[in-house]
S.K.: 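Pasting a structure below so you can have a look.
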Protein chains: 2
Amino acid sequence: MATKKPKIRTMEELASAIAVSRPTLSRFFQDPESVRPATAEKIRQGLAHVDYVPNFFATRMNRRASGLVGVIVPLLTDPFFASLLQTVELAALEMDFTVITQCSHGSAELEANAVERLLSMNTEGVVVAPLGEYGSADALRQLGRSLPIVFVDSRPAEPYTTIDFVGTDNEQSIGLITDYLCRTGAPPVYLGMPRLNSNGLERESAYRRWMAGHDLRPEVLPDDLAPQSWAFETYAYQTMDALFGQGLYVDATILCANDRLAMGALQAAHRHGLFNSRPGARTRVRIAGHDDHPLSRFMTPALTTVAQDIDTIGMTAMSLLASRIRSGKPGEETVERTFPAALKIRESA
Amino acid sequence: MATKKPKIRTMEELASAIAVSRPTLSRFFQDPESVRPATAEKIRQGLAHVDYVPNFFATRMNRRASGLVGVIVPLLTDPFFASLLQTVELAALEMDFTVITQCSHGSAELEANAVERLLSMNTEGVVVAPLGEYGSADALRQLGRSLPIVFVDSRPAEPYTTIDFVGTDNEQSIGLITDYLCRTGAPPVYLGMPRLNSNGLERESAYRRWMAGHDLRPEVLPDDLAPQSWAFETYAYQTMDALFGQGLYVDATILCANDRLAMGALQAAHRHGLFNSRPGARTRVRIAGHDDHPLSRFMTPALTTVAQDIDTIGMTAMSLLASRIRSGKPGEETVERTFPAALKIRESA
DNA sequence: GACAACTCTTTACGCGCGTAAAAGTCGTTG
DNA sequence: CAACGACTTTTACGCGCGTAAAGAGTTGTC
């Protein structure tokens, strides 16, 4: 209740207020263990009676290690990135790093801005979920030359000489779900996602390879390139609605590049009554996704999918970055860690 | 391709590199219009040949106006807050503010940390979507004493003397959907949300008032207080699953405090076959939500709900904050702007 | 009691840049 | 041509704190 503590703006004032020298205070704030216990207690006592927080800028500007790491994500409205960011941020907190979040909002220009900002903030390293647009690679490469950078979720568009990457093993995850679908019914056709990042291509390739490896004919929807938009659900709905409308794929198994696409496809299937037990249907349409979106299990039918291990990915990315930072130099050899996904068998396939 | 520009670290170096004085450079970076066009061009030319960005900390530390605003949200994994943040950030960008995002991760302690951080960063104002926990108010009140602060989405737990608020008019939105439900079928029972912020209480009160005003008996589920968790879907699923299992509310109209609850309720209804045309059922269960979650229209049945005007709320909050900042003093009189929600009639009710 | 080992204080400098005041430069006016 | 205003350069100081070095104080040990 006694919130009317006197406001103290500088360490100098604080020092004279509690009779401790400023350098001692400086050391205390960076590491309370670095001063004698009695002194630390004295400082804590004093601190309790005043209202003071060290200036963030002044502190971070001069330290050898700023204790700052940047995170760049393309957007926050996709729960995958939101979760990833949350995990990374919490992991950073554990390691006494402060994270500066930058969102590129899907624009290469804003991504470049984010890079500049992080560079200007003495960040010690950056975790980046890149967007796949051309031209975005330049800024990232420049960033990589001055400090360690770990890519998550997807790889940058253009090839790097050396690149640290943490993400899902698309080969495994797509193999897992494709295998399951083949075992339990018709082999899947593949509904691709807009080419927003490397995952789109990787997953499609994985699908093609798996099918080819089992002498099955891969079939990818749609023929033309998908528009570059994050409105996955609507895109999938429109695509599948058109196809279902022509009577195509109404009994097919459809593997979607991600869950949000699958949700759109589900909607289209409902609109065409494909989930009602239709008389004469040999088998009903089956739809599967990828990612295990938090709402997938609340779909009707509950969406069968594969779950990315977001927590592991986020924590691994952060600790990899931390080790890069501690080792000083950008790593000599590339580290690439991909994690397997887990099959979530539900009702839709 | 020629990305091997020489790296320049300080303005001093830059000044001697392109034969312009440092103070002139300083002014150029703050406002290119403030120097003679010829000089500006000369600087731009030089800038194109080198690799330099002004140090973020050093610049923001000394300016009269840091150009920084803070945003505090409880979590990012809820699409409402993600969208809100995005809108606020883009609005801030328009007004030449840089936003520092802080996420409280649902913890009052982390919220307090966020407040301290923003205070230590010379932010000129803060937009906060508060969590309703007790104890969180103290830190926010302290923040409010030193700089303008605009609350969005929900109000802080304890009463403030003066408080700027921007959000949805729950009275209107709940009235809208309740009215619609009453007109088109049985009057709704209300499935409340965990008391995480003021919206939970406000919406329930609005529901009660509206029902009472029409001589209808309000009925709120569940009796006991909901747990303080953001796992809305699961909570609603379990609650409704238990009730449906007892044969209760199977033909009822259920108004949920938000869409994510409704999704859980939807799932429970499906599990009990309430959406299959059951023989003997007078009317089938109806479920409605609140917020217009991006996936609501992809539910089955598509969720009837009311849409909050997130964009308007975010932009209004930001411009209100901007005006508070420009006017210098924390506003004398409270500004409270609530916006109406729009009915989204779909299939679930 | 003296000695060394810590820990603290004092003093001083630096970080990269904002900002102010005075002096200099330029092109424009009369 | 001189006077003038607009812009720039020069010079200087300050922001709040990190950090280093040297001296003063405290503590523990024998």
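Values reported hereafter were calculated over all heavy atoms of this structure, with side chains retained and with hydrogens, waters and symmetry mates removed. The chains referred to below are lettered A, B, ... by the order of the sequence lines, with proteins before strands, and numbering in each begins at 1.
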S.K.: CD1/B:I72 to CD1/B:I100 distance, rounded to the nearest 0.5 angstrom?
M.R.: 11.5 Å
S.K.: Expressed in angstrom and rounded to an integer, what is the separation of A:M11 atom CE from D:dG18 atom C1'?
M.R.: 9 Å
S.K.: Using a heavy-atom cut-off of 4.0 Å across all strands, would you classify B:P54 as base, sugar-phosphate, or nothing?
M.R.: sugar-phosphate
S.K.: Enter the distance from A:R141:CZ to A:S146:OG here, rounded to the nearest 0.5 Å.
M.R.: 13.0 Å
S.K.: Identify, between B:R36 and A:E12, the residue whose nearest nucleotide on DNA chain D lies closer to the 5' end.
M.R.: B:R36
S.K.: Counting side-chain heavy atoms from CB outward, which of C:dG14, C:dT9, C:dC17 is closest to A:N62?
M.R.: C:dG14
S.K.: Under 4.0 Å, counting only non-hydrogen atoms across every strand here, what does B:Y52 touch: a base, just sugar-phosphate, or nothing?
M.R.: sugar-phosphate
S.K.: Looking only at the side chain of B:T59 (C-beta and beyond, no hydrogens), which of the listed nucleotides D:dT8, C:dC17, C:dA20 gets closest?
M.R.: C:dC17
S.K.: Contact class for B:S26 (heavy atom, under 4.0 Å): base, sugar-phosphate, or nothing?
M.R.: base
S.K.: Touch check for A:M61, heavy atoms < 4.0 angstrom, all strands: base, sugar-phosphate only, or nothing?
M.R.: base
S.K.: With a 6.0 Å cut-off (strictly less than), is the heavy-atom count around CD of B:E336, excluding the residue itself, greater than 12?
M.R.: yes
S.K.: Answer yes or no: does atom CD of B:E41 have more than 12 heavy-atom neighbours from other residues, nucleotides or ligands under 6.0 Å?
M.R.: yes
S.K.: Starting from C1' on D:dT10, measure out to CZ on B:R27 and report it in whole angstrom.
M.R.: 14 Å
S.K.: Check the distance between D:dC17's C1' and A:E13's CD and give it to me in whole angstrom.
M.R.: 13 Å
S.K.: Hey, does A:T24 reach any base, or is it just sugar-phosphate, or nothing, if we go heavy atoms under 4.0 Å?
M.R.: base
S.K.: Checking all strands, does B:R22 fall into the base, sugar-phosphate, or nothing category for heavy-atom contacts under 4.0 angstrom?
M.R.: base
S.K.: Can you tell me the distance, in whole Å, between the NZ atom of B:K42 and the P atom of C:dC26?
M.R.: 11 Å
S.K.: Could you tell me how far apart A:L25 (CG) and C:dT10 (C1') are, to the nearest whole angstrom?
M.R.: 14 Å
S.K.: Got a donor-acceptor pair under 3.5 Å from the side chain of B:N55 to the base of C:dC17?
M.R.: no
S.K.: Between P on D:dC15 and CZ on A:R9, what's the gap in Å once rounded to a whole number?
M.R.: 10 Å
S.K.: Check whether more than 12 heavy atoms from other residues, nucleotides or ligands sit under 6.0 Å from atom CE of B:M315, and answer yes or no.
M.R.: no
S.K.: Nearest heavy atom decides the nucleotide; on that basis, is B:R60 or A:P37 closer to the 5' end of DNA chain C?
M.R.: A:P37
S.K.: From the list C:dC8, D:dG16, D:dT10, which nucleotide is the closest neighbour of the side chain of A:T39?
M.R.: C:dC8
